[in-house]
Amino acid sequence: MTVNAFNADYLFVFILAAFLGFQLIKKVSPLLHSPLMSLTNAIAAVVIVGAITITGEEGATPLAKTLGFIAVFCATVNLVSGFMITDRMLKMFKPRGK
Amino acid sequence: MTVNAFNADYLFVFILAAFLGFQLIKKVSPLLHSPLMSLTNAIAAVVIVGAITITGEEGATPLAKTLGFIAVFCATVNLVSGFMITDRMLKMFKPRGK
Amino acid sequence: MGVFVPFAAIAASALFILSLMWMSHPSTARRGVRAGEIGMVIAIIGALVQHEVVNYDLIIIAMIAGAAAGIPMALLMPMTAIPQRTAISHAFGALAVGLIGAAEYYKHAHPEYAGGFIMWVLMFEMLLGFLTCTASVVAFAKLQELMGSRPVSFPGQRIFNGAVALATVVIGATLAIDPTQTWLFPAFVALALLFGILLVIPIGGADMPTVIALLNSYAGLAASAMGFALGNKLLIVAGALDGASGFILALVMCKAMNRSFANVMFGGFGKVIAGVAGGKDDRVVRSASAEEAAMQLENASSVVIIPGYGMAVAQAQHKVSELYQALTKKGVDVKFAIHPVAGRMPGHMNVLLAEANVPYEQLVDLDDINPELPQADVAVIIGANDTVNPSARDDPNSAIAGMPIIEADRAKSVFVIKRSMNAGFAGIDNPIYYNANTQMLFGDAKDMVGSIAKELSGGGSGLH
Amino acid sequence: MGVFVPFAAIAASALFILSLMWMSHPSTARRGVRAGEIGMVIAIIGALVQHEVVNYDLIIIAMIAGAAAGIPMALLMPMTAIPQRTAISHAFGALAVGLIGAAEYYKHAHPEYAGGFIMWVLMFEMLLGFLTCTASVVAFAKLQELMGSRPVSFPGQRIFNGAVALATVVIGATLAIDPTQTWLFPAFVALALLFGILLVIPIGGADMPTVIALLNSYAGLAASAMGFALGNKLLIVAGALDGASGFILALVMCKAMNRSFANVMFGGFGKVIAGVAGGKDDRVVRSASAEEAAMQLENASSVVIIPGYGMAVAQAQHKVSELYQALTKKGVDVKFAIHPVAGRMPGHMNVLLAEANVPYEQLVDLDDINPELPQADVAVIIGANDTVNPSARDDPNSAIAGMPIIEADRAKSVFVIKRSMNAGFAGIDNPIYYNANTQMLFGDAKDMVGSIAKELSGGGSGLH
Ligand SMILES: NC(=O)c1ccc[n+]([C@@H]2O[C@H](COP(=O)([O-])OP(=O)(O)OC[C@H]3O[C@@H](n4cnc5c(N)ncnc54)[C@H](OP(=O)(O)O)[C@@H]3O)[C@@H](O)[C@H]2O)c1
Ligand SMILES: NC(=O)c1ccc[n+]([C@@H]2O[C@H](COP(=O)([O-])OP(=O)(O)OC[C@H]3O[C@@H](n4cnc5c(N)ncnc54)[C@H](OP(=O)(O)O)[C@@H]3O)[C@@H](O)[C@H]2O)c1
């Protein structure tokens, strides 16, 4: 899975995603800046995919398993609580006619 | 250069670029829709890079050279006139105090 | 050099993105053009230094010839011809894409590519490229009035078109599955070219702007497909940006006309409707002279000018600008109300008025001007018709019902400058001409606006 | 399955993008959360079905344990603790990134990776991950008041910090160049963790929101770096989105405080300024009672409520909502003016007021409310101070000169609810309290607003 040489494709994806991120976030109403923070927090917990690989892959050393286990735990806490809190906050935003 | 198998990376790049394109174009003021058309037109003339490869590459057949030659010509017309006309149009847009 | 090429692609992509980003506002738009140009130069250098490329003479000749054709085109093109220019440049771009696809096809016409990903992508790319090419040529011919702008129809049209489409796809698929059947290839190209023509001839000339935007988006898609085939991410990005742009502009136009894509492509709009306005000629039309109009404008405190296609036809933008200047000098507050589909392409009025030195802050969008119109003393409609037709708002049976309009009829009084009582693009009657607060100023827009401006600046020589 | 994994990455990326897109407006925001969740599920399934992954027990246990910790956290967290929660979740996220990096490092601690791209990326990723982790813990501790919120300083601080930073980088580079020196690795991790602490302790507690947003952006960058190292584009995209978000929020805050990043990070703001307001106690302060305020509010036709940090501290949002309801019932037009940095994190006031059922249309931005304030009969400032301080506008020597403010002093009359004449976060005097049209309502925001609302709804039980 890992790569030992610089791959320009990745830079491509990064630049596109960064531009897109700026455009998207700039359009978020200030009204929602708090839920936005917790949402992006939850999304960043996608590092769990790396943690899963490390923990579960064939020939993982005990050390790797331990580190991976903690990482999976941390990421799960973040993603579960991140999405749930965001939703809890957003549920509270009501237009005039309730 | 060419690839014979589907490469998911390309789809990645395409999707990101398409999202980004939508976000960017939606923000263009209607004031500038005409120059926008000619600008994107010029940008699309970047297919010239494909045409250059085909025309100039080692072992190009006469047919490939002919097709490539025309393609380079067409793309050059577009990019030169596209950028120039866009600029000509934009030069005309002046704020109040001239 | 092995590293330069990918970095060139990344740098060029980023610059193209910045280019569109800066296009969002007139104050940064020219910087956007610079960014695009630099991106293009980087991309071309990146292509030239590839180690596959060994032969430069043909490339250089083609580029010089292209520049020699492109530069005068860019310098001499009148602004009123912008829609046609856009059409013909799509034809050029799409042709390039198609030809590159053809060359790639011949390079890969070997059994080992049979049914491979690249073959399918190439066929798709060529289909889009060639059909966009001829379709754009037809659109050009209609706009340039080289051919009639009426929709062309013949018996069995749909069946015939369907058959051509089917044949193109079947032959394309056959070639993708067995690329060695090179004898089929010319047929594929010919059918794709034919299909492009068939696609556009049944569409009325005035729908061409929407068609052009859609073709723009096809051309972008084709470039992206070429990127997939060549493994070139820069082409994928540039194509996607182009495709998104065309698609959104087409969407904007359709929304501003309250029509669907399908209706534009297959509706045969502008075919049947003619002389609808016939019957009720008992309605009264009030007409006025340039002097009367000038007097009333002079005494107004706020005036809204609503330009339309007629201003472009008459090339009246400079006279309109004179009118604006004369009124401003007299302390009248003048704004321009710009409908998104006024004229014949998106942003048409803005470009013309900018050409004539009207500051862009005075050009106001539909949504922003409508709330102000009831407070306006005078609305001056210059060669606009459908875009100010109140029946779009009031008459649910109208052909343009639901189309958002500039509500000129809400102004305290209205002047309409046009040559006759004829209908506009949609071919329907406009009740605003019969309103009690409307006065018609019959005549060519350039002449009429010129006379009013002359009156306002002292009635004298008109030179100032 | 070989195809499922890349498609999972593409689908998840697209869903994350849609998620942020829909976040732009309250009416679509919850759909955005759904999209994000679905994206996450797809990503996780994609990771689980990879053929490298053979061992599921630990993963399942960790996920169950994580959910068991995360769900109650999400359900029980009071809205006033949102800033702290954000800080601690950054710590968790960054720790995960750091640990994954560490595991990857040990996997690659072989001579053939010496000086390779992956090593440099891993070191960069771990540096960001570990420092963000401890920095976030410190930020959490300051916000939760587990440690003093004053900036911590000691002699030679800058030199010491510089030395730690240098040592971290040097050891990191050594490891990248020769990854077999595993004995150095714990030192690298320890230094990175230490550096995170050093980075944040000199920053005042009230600057934590900006720090948190910046750490958010670091965490995102670290995730992207991990994507580079693992060759995982989904991580690159998600990290870039997260990084952009943190960066923009930090920018918004800095702009709304008219300060630079550098000033926030190294300025030691809130360190020295105390008791500045001392001297000129000859100025007159008018104070009023809840009854008087209620009477005046009742007779107003338009009221602007300006909440600030004090409303959050007092948890007065529900009482404020009662006040809003009572006034609305009496036909008074009530709007809320929300300063971008009112409270202690971006959007703080909005969330609290939304929690208390204030419709979001009533929450108006700084730029939109300021032109309306001169027409407002009464401005009610509830626990806000710096964000309404006119010296930011009038006094070029003020510590907050140039910070955009809500111009409450332009309203016809002003009520200020706070407990004392004490300063706000910036520690400076606020001239608005001494204006002739200002009346102070001294007291805890919750009690005071509650009393006013009770008065308005009949003076009786206050229950309605
Ligand atoms: N802009 C776009 O992108 C776009 C795209 C697709 C379709 N369209 C369609 O185009 C139409 C545009 O509406 P519009 O209000 O701008 O124009 P319009 O409805 O097409 O009407 C133009 C009017 O200008 C008058 N005119 C023509 N030449 C003139 C001259 N030399 N001097 C004075 N008047 C002249 C004509 O009346 P006389 O003959 O009596 O002079 C005609 O009624 C809409 O129906 C829109 O849907 C626009
Ligand atoms: N929102 C963000 O993202 C963010 C980020 C970084 C920094 N900041 C900074 O935080 C500050 C926010 O400004 P602000 O106007 O909202 O608040 P502020 O300037 O911090 O002032 C809050 C006021 O509330 C009063 N207060 C405290 N507890 C109270 C209670 N229980 N009841 C009634 N009043 C109470 C205090 O006065 P008493 O003690 O007299 O009651 C104090 O003057 C700005 O300086 C901003 O730059 C904000």
Side-chain angles (χ1 to χ4, degrees), chain A residues 1-6 10 13-14 17-18 21-22 24-25 27-34 36-37 40-41 43-47 49-52 54-58 64-65 67-81 83-87 89-90 92-96, chain D residues 16 20-21 23-24 26 29-30 33 36-37 40 43 47 52-55 58-59 62-63 65-67 69-70 73-74 82 86 89 92-93 95-97 99-100 102-103 116-118 220 223 226 228 230-231 233 236-238 240-242 244-245 248 340 346-347 350-351 354-355 359-361:
Chain A
M1 261 288 265
T2 48
V3 283
N4 197 28
F6 171 71
Y10 299 157
V13 169
F14 178 75
F22 277 102
L24 291 173
I25 306 287
K27 274 180 50 191
V28 174
S29 150
L31 208 59
L32 298 181
H33 276 174
S34 287
L36 172 67
M37 274 186 119
T40 54
N41 223 240
I43 287 178
V46 72
V47 294
V49 305
I52 287 176
I54 288 205
T55 318
E57 80 191 329
E58 219 168 337
K65 280 188 181 176
L67 295 174
F69 179 84
I70 305 175
V72 173
F73 171 79
C74 289
T76 309
V77 172
N78 262 8
L79 77 86
V80 169
S81 67
F83 282 122
M84 284 180 71
I85 288 199
T86 310
D87 201 48
M89 280 194 244
L90 291 175
M92 302 180 324
F93 283 86
K94 292 184 204 74
R96 207 171 346 247
Chain D
F16 290 161
L20 290 185
M21 216 158 103
M23 220 31 211
S24 60
R30 292 191 68 197
V33 177
E37 288 168 349
M40 189 60 74
E52 297 99 314
V53 175
V54 292
N55 244 315
L58 279 177
I59 298 172
M63 287 181 70
M73 193 196 250
I82 291 289
T86 308
S89 75
F92 272 87
L95 180 63
V97 170
L99 295 180
I100 298 169
F117 173 70
I118 189 171
M226 189 162 114
F228 276 86
L230 299 180
K233 301 214 172 59
I236 298 179
V237 172
L241 296 176
D242 193 35
S245 162
I248 288 187
N350 299 308
V351 176
E355 184 195 6
Y360 61 72
E361 293 98 335

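Lettering follows sequence order; numbering is per chain, from 1. As the structure is a prediction and not an experimental result, all values here were calculated from the model.
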Worksheet entry | Residue selection (most heavy-atom pairs with chain D, distance under 4.5 Å) from A:Val49, A:Asn78, A:Ile70 | A:Asn78

Worksheet item: Sub-3.5 Å donor-acceptor pair from the side chain of A:Ser34 to the main-chain atoms of D:Pro346, do we have one?
Response: yes

Practice prompt. Give the member of A:Asn41, A:Leu67, A:Val13 that has the highest number of heavy-atom pairs under 4.5 Å with chain D.
Written response: A:Asn41

Worksheet item: Who are the salt bridge (Lys or Arg N to Asp or Glu O under 4.0 Å) partners of D:Glu37, not counting sequence neighbours?
Response: D:Arg34

Response to the item:
Among D:Gly93, D:Ser245, D:Ala238, the residue with the most heavy-atom pairs under 4.5 Å to chain A is D:Ser245

Worksheet item: Checking A:Ile54 against chain D: side chain, backbone, both or neither under 4.5 Å from a heavy atom?
Response: side chain

Practice prompt. Go through the atoms of D:Met21 and report whether side chain, backbone, both or neither lie under 4.5 Å from a heavy atom of chain A.
Written response: both

Worksheet item: What heavy-atom pair brings A:Val28 and A:His33 nearest, and what distance separates the two atoms?
Response: O-NE2, 3.8 Å

Worksheet item: Taking atom CG of D:Leu241 and atom CZ of A:Phe22, what is their separation to the nearest 0.5 Å?
Response: 10.5 Å

Worksheet item: Given the options D:Tyr360, D:Phe16, D:Phe92, which has more heavy-atom pairs under 4.5 Å with chain A than any of the others?
Response: D:Tyr360

Worksheet item: What part of D:Leu58 lies closer than 4.5 angstrom to a heavy atom of chain A: side chain, backbone, both or neither?
Response: both

Fill in: Interatomic spacing from CE in D:Met40 to CD1 in A:Ile43 - rounded to 0.5 Å
7.0 Å

Response to the item:
Ranked by heavy-atom pairs below 4.5 Å to chain D, first place among A:Gly68, A:Ala64, A:Pro30 goes to A:Pro30

Practice prompt. Nearest 0.5 Å please: distance from the CD1 atom of D:Ile82 over to the OG1 atom of D:Thr86.
Written response: 6.0 Å

Worksheet item: Given that the side chain runs from C-beta out, which part of D:Pro26 has a heavy atom under 4.5 Å from chain A: side chain, backbone, both or neither?
Response: both

Worksheet item: If you round to the nearest 0.5 Å, how far is CD of A:Glu57 from NZ of A:Lys65?
Response: 10.5 Å

Worksheet item: Would you call A:Leu36 and A:Ile25 a side-chain contact if the rule is heavy atoms closer than 4.5 Å?
Response: yes

Worksheet item: What part of D:Met23 lies closer than 4.5 angstrom to a heavy atom of chain A: side chain, backbone, both or neither?
Response: both

Worksheet item: If you count heavy-atom pairs under 4.5 Å with chain D, which of A:Thr55, A:Leu32, A:Val72, A:Thr86 comes out on top?
Response: A:Leu32

Worksheet entry | Under 4.5 Å from a heavy atom of chain D, the part of A:Leu79 involved | side chain

Practice prompt. Name all residues meeting the side chain to side chain donor-acceptor pair (under 3.5 Å) criterion together with D:Asn350; count only those two or more places apart in sequence or in a different chain, and write none if there are none.
Written response: none

Worksheet, complete the sentence: Ranking A:Val80, A:Thr40, A:Leu24 by heavy-atom pairs under 4.5 Å to chain D gives rank one to A:Thr40

Worksheet item: Checking D:Ile100 against chain A: side chain, backbone, both or neither under 4.5 Å from a heavy atom?
Response: both

